[in-house]
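Here is the structure we will look at, set down as structure tokens.
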Amino acid sequence: MPTYRVNYDHLGAPEQVQLNVPTAEHSDSDRALRDEIAHRLAERVLPHAELAINHDDNRTVEEKLYKAYDLKITQIERL
């Protein structure tokens with residue numbers, strides 16, 4: 001399972017976290033990978049975010065987290 005370093009801003013404060021993400025099942029598109037990374041980030045820092053993530057619309061998980069929680073992913077780096 002590859003590890004990613006994810007830089008993000010939450011309410012204007014920059015943070016960094018390392019996440020393990022299974023890429024084999026999400027390798028079909030960049031959006032699927034970014035959605036999985038954003039979902040794992042939300043599980044780590046916003047465990048109550050599941051309602052916003054599961055909201056059925058055409059936005060990405062990143063867009064949903066930014067709108068609902070002012071959490072913005074600024075950089076993703078595979079380690």
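What's counted below: heavy atoms across the whole structure, side chains too, no hydrogens, waters or symmetry copies.
Note on V6 and Y66: separate hydrophobic clusters, where clusters join Ile, Leu, Val, Met, Phe, Trp and Tyr whose side-chain heavy atoms are under 4.5 Å apart, directly or indirectly.
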Should Y69 and H48 be marked as a ring-ring contact (aromatic ring centres under 6.0 Å, His included) after you check the CA-CA gap, both sets of side-chain angles, and the distance that decides it? CA-CA 10 Å; Y69 301 103; H48 57 281; 5.3 Å; yes
Go through the steps to decide whether L79 and Y4 satisfy the test side chain to side chain contact (heavy atoms under 4.5 Å, CB included), and finish with yes or no. CA-CA 6 Å; L79 302 178; Y4 292 85; over 6 Å; no
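Not one N or O on the side chain of D9 forms a donor-acceptor pair closer than 3.5 Å with the backbone of K72.
Side-chain contact between L71 and E62 is absent, with no heavy atoms from C-beta onward closer than 4.5 Å. With a 4.5 Å cut-off on side-chain heavy atoms, M1 and V21 do not count as touching. H10 is not listed as a side-chain neighbour of V45, based on a closest heavy-atom distance of 4.5 Å or more. L19 places a side-chain heavy atom less than 4.5 Å from the side chain of R44. Taking the side chain as every heavy atom from C-beta outward, N54 and L51 never approach each other to under 4.5 Å.
Across all their heavy atoms, R40 and P22 have their closest contact at NH2-CD, 3.3 Å. Nearest heavy atom pair, residue R59 against residue K64, reads O-CE, 3.5 Å. For the residue pair H39 and V61, the shortest heavy atom distance occurs at N-CG1, 3.9 Å.
In this structure, CD1 in I37 is found 11.0 Å from CG in N20, a value given to the nearest 0.5 Å. Between atom CD of residue E77 and atom CZ of residue R5 there is a gap of 4.5 Å, rounded to the nearest 0.5 Å. Going from atom OG1 of T60 over to atom CZ of R31 covers 6.0 Å, rounded to the nearest 0.5 Å. Here the straight-line distance linking atom CD of Q75 with atom OH of Y8 works out to 14.0 Å at 0.5 Å rounding. To the nearest 0.5 Å, the span separating CG on D70 from CG on L65 amounts to 11.0 Å.
Donor-acceptor pairing under 3.5 Å is lacking for the side chains of N7 and T74.
Taking a 6.0 Å sphere around CG of D57, one finds it holds more than 12 heavy atoms contributed by other residues, nucleotides or ligands.
The pair E63-K67 does not meet the salt-bridge criterion, since no charged nitrogen lies less than 4.0 angstrom from a carboxylate oxygen.
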